[in-house]
Amino acid sequence: MEYSFHEIEKKWQRYWEEQQIYRVEVDPEKPKYYVLDMFPYPSGAGLHVGHPLGYIASDIYARYKRMEGYNVLHPMGYDAFGLPAEQYAIQTGQHPAKTTDHNIRRYREQLSQIGFSFDWNRELRTCDPKYYKWTQWAFIEMFEHWYDNHQQKARPIEKLEGIFSREGNAEVDAANDPLDTFSADQWNKMSQEQQQQVLLSYRIAYLADSMVNWCPELGTVLANDEVKEGVSVRGGYPVIQKKMKQWSLRVTAYANRLLDGLDDLEWSESLKEIQRNWIGRSRGAEIRFDVEHSHTSFEVFTTRPDTLFGVTFMVLAPESDLTRELTTSENRQEVEEYIKKATARSERDRITDTQSVSGVFTGSYALHPITGERLPIWVSDYVLIGYGTGAIMAVPAHDERDNEFARHFNLPIIPVIEGGDPMKQAYDSLEGKVINSQFINGYTAEQAIPVIIEEIEKRGMGREKVNYRLRDAIFSRQRYWGEPFPIYYKNGMPYPLDKSKLPLELPEVDAFKPTSEGRPPLARAKDWKTEEGYPLEESTMPGFAGSSAYYLRFMDPHNEAALVSEEANQYWRNVDLYVGGIEHATGHLIYSRFWNKFLYDIGWVCEDEPFKKLINQGMIQGRSNFVYRIKGTNKFVSYNLKDHYDVTPLHVDVNIVDNDVLDIEAFREWNPDFKDAEFILEEGRYICGYGIEKMSKSLYNVINPDDIIRKYGADTLRMYEMFLGPIDMSKPWDTNGIDGIYKFLKKFWRLFHDEQGNFSLSDEEPSDEELKTLHKTIRKVREDVEQFNFNTAISAMMIAVNELSSSLCNKRQILMPLLRLLTPFAPHIGEELWHRDGNQSSVVDAPVPEHQEKYLQENTFTYPVAFNGKMRFKLELPVDIEQEKAKEIVLNHEKAQKWLNQKPPKKVIFVPNKIINVVV
RNA sequence: GCCCAGGUGGCGGAACUGGUAGACGCGUUGGACUUAAAAUCCAAUGGCCAGCAAUGGCUGUGCGGGUUCAAGUCCCGCCCUGGGUACCA
C-alpha cells in the first residue's frame, strides 16, 4: 500500500478529535508544561505558509514534552478585536462581529488540517463578552489601585484615602501625576469631586489630559508602539501630537521592574535589548533652577550633572505650561507664534526635519543654582514635553544639540571638560578632567558626578534621579470594535461599574463611524448609560487590552467566577515556552508583563513574569517570479535572453510557475491582457526570473498551506517548514525544495512495508550498525529539539533513513523507536504506523526513545592528517592510541613521504580523536 | 547617527569549547527501469588548472590586516544586508 497521506491525515485528525486526545486538565500527579503561541488576529486573507511556522515549532516541542511525560497545556485562540474588521465594517456596513466570526471559522479550518495538538476545548476569542468580562474586570482593578514606589507594588486606593485623611499626601511616595502637597485637613475639606480628581492622578488606570498621538484618518489616538516613523503602524496614516483627555495605564510605575525582570528571562538577547532600549533607563540628577524676579522655579533632568558649570542657557519645550508663564510681555507675540508653529507640526515633519535649528527667547532668566549667574530661558522644539521635565539646562560645550543651538543663536559656550574643541563641535565624552568648575576642578567627569549631586542635595537644589523613556500606555480608542470601558460619569468624574454588572456588552450602533459632533461610535448607541441614568464612557479599549492576560485565561477558560481559579493558576503558573514574532517586542510583550505584574501585586497570580522562555520565529519571505515584457509590445522574453531587449519585469503568479518554468497556457488565462501574448523561448521553455520579497497578495507570491497539504500532506508541510532553516531566521519559501521531505516520508513509509506494500516488520536482532544508526539519531534529534534546531534534527533522521534503506532494514527494534522520534514532526504518519504495528492507544502518549551510549562506542577513529594545516590524507587509528605511536605511524606512512620531502618535521600536533597536523 | 542580528556553492542551509569547510535537501548533469511519461533507484556536482583515465595541484566562508601548528569560528579596521530606535537632555 502506498503512502496515501490524504486518507491517513483525515482519519487521525478525526480520531484525535473524537477521542479528545489533546484535552488536558489539571493533574497534580504530573509535572506541567505550558506551550503557547502568540494567538493570531484572524484576517480576511486567511493563513499563508508563513503563519504556521511558529505553531509548527511549538507543536513539535509540545508533543515531545508530552512524550517525555509532562502534562502539556497547548491552547489556541483569537485576538479578535481590531482595526481591519472595523475599517471593513465602515466601508461595507457589515458588522465586524460577523466578518470576524467568518474569518475565525476559516482560520480554524486551516489550522485543523495541519494536525496541531491544540486543546480546542480551551479556545477563546477576545471579542467574546465572556472573555472580555475579565479584561474589564482587570481594568477596574487597575482603577482601584495605586502604585507605592516605596513598597514597589500596587496597593488598594482605599488605603490611600485613609492615609490622606490622616496625614495628607506629603509622605506618600507614589507613581503619580505631578500634584501639590496637601494636609489631612485640606483633604478632608475637599468636595467629593475634588477628592476624586486627586485620587484619579494616583490610580494605575487613570484619566488625564496628556499629549497623545492623534491619527485623524483613523479617528483615534494611538499608543507609542502603534506609531512608527510618524505614521500609524496600521494603515500608515499621519499622526499628530495633541493634548486630549484620555485613559492611560501607569506602565511607567513598573519601568524598573520591567527592566530588571528581563535579566532572568530566557529570551533572545536582541529581544531583551529592544525592550531595554524602549524602557530606556538613564541615571542622572534633577536640578532646580530659580527664575529671576519671580517665585517660580523649575526642574530639569540631566545625565551629566558634572557639566553643571558649563550651563549657559535654559530651554523649554513649546508645549510646556512654563513657556507661557515665563514669557515676558515684550516677547509674548514672538513666543506665541513660535508655539503655534511648533505644535502644528506633524510627527513625521518633526522626525524628518531634525537638522534645522529654531527657537525664541522668552525674555526671562534662570539663576544658576551655584554661581547665581543669569541664564537666558529659550523655547525650542528640540526639547520634548514628554521626556524628563520638558525643560533642560543647556551645556553647549558638551551636548551636540545644545552646541548647534548656541552657535546658531550666538550664545556663550564654556568648556568644562578637557578635550575636544567645543567652539566647533560638542565634546560629549566622559574622558577628560573637569575645568572651569570651582570645587570639582581636576576630577574626571565620572568622579565629579557623585560629588556634584551631593553638593546640590546639600543645598536643597536637586537630587539624584533615574529617568525612563517609557511612557504610560494611552488606553482609549475612539473606535467601535473593542472592549467598552466599565466606567460611568457622575458630575464629570469617572466611576467604575459594580463588578457584578460585568460584562458591559458592546452596544449595537447604526453606523461604525464617529457622530456628526465627532464623538466616538459608541455615542450612537441608544441608552448608553447606567440603570441610574449616568452616561457611560464612549471610548473603547485598544487591541493590546485583550491580549494582555489571555495566557492566564487559557488556564481556566470557562471559569465564570474568576479570570483564573487559584487551583489552575497554582498548577499551570506561567508559560514555559512562548513562540511568536519579534514585532511584539515593544507592544504586547511589554503590556503583558505589566499586566501580569499588576495581577501579581494584587495577589491574583503566583508568578511575577508571564513568559519564561520565548522563541521568535523568523519571517517566511516570498519568492516572487518575474516575466519580462519587451517595452511597447505584448511579447515576453525568457530570462536568459532578456538582456538583448529593452524589457519591463512584471510579477507573475508563482502558482503558474514550476521550478522557474512558466506555464504559458495558464499565463494566458491568468490575465486577459496576456491572452494573445507572444513568447521568445530558450530551449523551448520560458524561464522566469525570481526575487525574494515580502509574502504578499500584491506581489503574487503567496503560498497557501491548503494547497501544499492537498499536494503533499500536512506532515510534509510541517517538516518542510522546519527544514527550511533555523527557526529564528528569516528565510524565503521555495516550494521546489519540498520534494526532498516528501521523498523522505515515502522512504520512511517503505521501510515498514514489503515489496507488495504489506505492513511488515521483523523481530530479527538488529546489527551493530543498525543500532548505531538508531542511537546516534536519537541522541542528535533529542539534543536538537531541546535547542529548537529542527532543521538539523530532520537532517539526522534523513541520514538514518538513508542508511537503513540501503541495508533494507525492517526490524521492529530499530524502526519503532525511530517512529516515536519522528512522530512529533509528522504525527499523522506516526499514528498510522503505530496502529499498523498493533498498538491500540495513541502514539501521542508513547514514550520518547532514549539513546544508549554503549551502541555508540567506537574502536577506531579516522584521523585527518594535515601538513601545514592542509588535510592530505586520512588514517584510521585505534581511539586509545599513544601519541608517540601515532606520530610514528604517520611519519612512516607511505603517503607522508611526499610532503615530508626527506626532511625531518619541525613539529607534529596530535589531538586525540580530532586531527594530526605535521609542520614541515 | 546610535543599538542588535547576519554575510558560507546555482538555491535553502550544515560545521561541538579553533581541528577534514560545504552535512542534509533542492536544482543541474549523466545513467538504470519504462513503448513513453510519472514514480523509483544509482552516480557526479564550490571554482580554476593538468591528465585518456584513476588521480593530482592550486584556490575558496563579504573585504583588508593580525594571532595560531591550525581561523567560517578568535582579535583589529572596513564594506554590505536585515531589524530596532529617532532631537530622550
Side-chain angles (χ1 to χ4, degrees), chain A residues 2 228-230 268-278 280 282 284 300-304 307 315 347 350-355 357 380-384 386-395 398-402 404-405 428 467-471 582-583 585-586 616 618-619 621 623 659-660 690 692 720 723-726 728-741 743-744 746-747 750 783 789 791-799 802 805 862-874 898 905-911 913-920:
Chain A
E2 277 296 290
K228 214 164 263 186
E229 280 157 22
S268 72
E269 265 319 301
S270 51
L271 176 53
K272 289 194 206 179
E273 211 45 42
I274 292 174
Q275 287 213 343
R276 287 194 186 108
N277 293 337
W278 186 260
S282 36
V300 300
F301 174 71
T302 176
T303 54
R304 293 293 302 274
T307 62
V315 189
E347 268 301 278
R350 269 179 99 135
I351 287 163
T352 41
D353 174 30
T354 55
Q355 266 78 346
V357 177
S380 171
D381 63 2
Y382 84 87
V383 175
L384 305 178
Y387 186 77
T389 60
I392 62 150
M393 61 177 218
V395 184
H398 306 290
D399 180 278
E400 204 183 303
R401 295 147 306 176
D402 297 346
E404 278 168 20
F405 195 83
D428 57 10
N467 229 320
Y468 296 91
R469 181 185 168 278
L470 185 73
R471 312 284 170 85
I582 197 154
E583 67 272 19
T586 55
N616 290 120
M619 243 186 13
Q621 298 152 307
R623 186 181 187 278
N659 203 8
D660 292 338
Y690 74 90
I692 305 304
Y720 187 55
F723 188 63
L724 281 176
D728 54 348
M729 290 212 315
S730 292
K731 58 235 157 203
W733 176 273
D734 183 1
T735 305
N736 285 323
I738 204 166
D739 257 349
I741 293 289
K743 280 189 213 163
F744 161 76
K746 280 197 286 193
K747 242 168 136 173
R750 226 174 295 129
E783 256 172 38
N789 296 326
N791 55 332
T792 49
I794 293 171
S795 294
M797 290 189 280
M798 285 176 166
I799 293 168
N802 288 345
S805 294
T862 306
Y863 280 90
V865 181
F867 288 80
N868 291 334
K870 289 200 169 84
M871 206 280 287
R872 296 302 177 181
F873 61 91
K874 287 177 186 172
K898 179 176 169 187
K906 263 195 207 149
K907 202 175 180 183
V908 181
I909 312 282
F910 175 81
V911 188
N913 299 316
K914 272 273 163 63
I915 199 167
I916 299 164
N917 189 17
V918 183
V919 187
V920 291

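We name chains A, B, ... by the order of the sequence lines, and we start the count at 1 in each one.
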key: Identified stems (criterion: three or more consecutive Watson-Crick or G-U pairs, under 3.5 Å), RNA chain B   = B:1-7 with B:79-85, B:10-12 with B:24-26, B:27-32 with B:40-45, B:46-50 with B:55-59, B:62-66 with B:74-78
inquiry  = side chain to side chain contact (heavy atoms under 4.5 Å, CB included), that's the test. Do Lys743(A) and Met798(A) meet it? Break it down for me.
reply    = CA-CA 10 Å; Lys743(A) 280 189 213 163; Met798(A) 285 176 166; over 6 Å; no
ask   = What string of B, S and - do you get for nucleotides 36-51 of chain B, 5' to 3', when a contact is any protein heavy atom under 4.0 Å?
value = ---SSS----------
inquiry  = Would you measure the distance from the P atom in rC26(B) across to the matching atom in rU81(B) and give it in whole Å?
reply    = 33 Å
inquiry  = Please confirm whether the shortest side-chain N or O distance from Ser270(A) to OP1 or OP2 of rG84(B) is below 4.0 Å.
reply    = no
task = With sequence neighbours excluded, tell me which residues meet side-chain hydrogen bond (donor to acceptor under 3.5 Å, both in side chains) with Tyr387(A).
result = Ser282(A)
Identify the pairs formed between an N or O of the protein and an N or O of nucleotides 57-60 of chain B at a distance under 3.5 Å, and give each distance.
{"residue": "rG57(B)", "atom": "OP1", "partner": "Lys898(A)", "partner atom": "NZ", "Å": "3.4"}
{"residue": "rC58(B)", "atom": "OP2", "partner": "Arg872(A)", "partner atom": "NH1", "Å": "3.2"}

query = Glu583(A) CD to rG83(B) C1': how many Å, rounded?
reply = 11 Å
key: For atom CG of Asn277(A) and atom P of rC3(B), their distance in whole Å   = 10 Å
inquiry  = Using only atom types and a distance under 3.5 Å, with no angle test, would you say the side chain of Asp399(A) pairs donor to acceptor with the backbone of Asp402(A)?
reply    = yes
ask   = Excluding sequence neighbours, so at least two apart, what forms side chain to side chain contact (heavy atoms under 4.5 Å, CB included) with Arg304(A)?
value = Thr302(A), Asp306(A), Thr307(A), Ile417(A), Leu430(A), Ala445(A)
inquiry  = With syn defined as a glycosidic angle within 90° of 0 and anti as the rest, where does rG9(B) land?
reply    = syn
ask   = When the distance from CD of Glu269(A) to P of rG6(B) is rounded to whole Å, what number comes out?
value = 12 Å
request  = To the nearest Å, give me how far apart CD1 (Ile392(A)) and C1' (rA89(B)) are.
outcome  = 6 Å
query = Nearest nucleotide by nearest heavy atom, which residue falls closer to the 5' end of RNA chain B, Ser795(A) or Arg623(A)?
reply = Arg623(A)
ask   = Can you check whether Arg623(A) reaches Ile692(A) side chain to side chain, under 4.5 Å on heavy atoms?
value = yes
Distance, rounded to the nearest Å, where Ile692(A) contributes CD1 and rG7(B) contributes P = 17 Å
ask   = Rounded to the Å, how far apart are Asn868(A) CG and rA71(B) P?
value = 11 Å
ask   = Is the distance from OP1 or OP2 of rA70(B) to the nearest side-chain N or O of Lys907(A) less than 4.0 Å?
value = no
key: Whole-Å gap separating C1' (rG25(B)) and CE (Met797(A))   = 14 Å
message = Each nucleotide in nucleotides 12-19 of chain B should get exactly one letter: B, S or -. Can you fill that in based on protein heavy atoms under 4.0 Å?
response = BSS-BB-B
ask   = To the nearest angstrom, how far is Glu273(A) atom CD from rA5(B) atom P?
value = 8 Å
request  = Answer with base, sugar-phosphate or nothing: what part of the nucleic acid does Asp660(A) contact at a heavy-atom distance below 4.0 Å?
outcome  = nothing
query = Which part of the nucleic acid, if any, lies within contact of Asn659(A), taking any heavy atom under 4.0 Å across all strands shown: a base, the sugar-phosphate backbone alone, or nothing?
reply = sugar-phosphate
message = Please check: side-chain N/O of Lys731(A) versus main-chain N/O of Pro726(A), any donor-acceptor pairing under 3.5 Å?
response = yes
inquiry  = For rA86(B) and Arg469(A) - does any side-chain N or O of the residue sit under 4.0 Å from the phosphate oxygens OP1/OP2?
reply    = yes
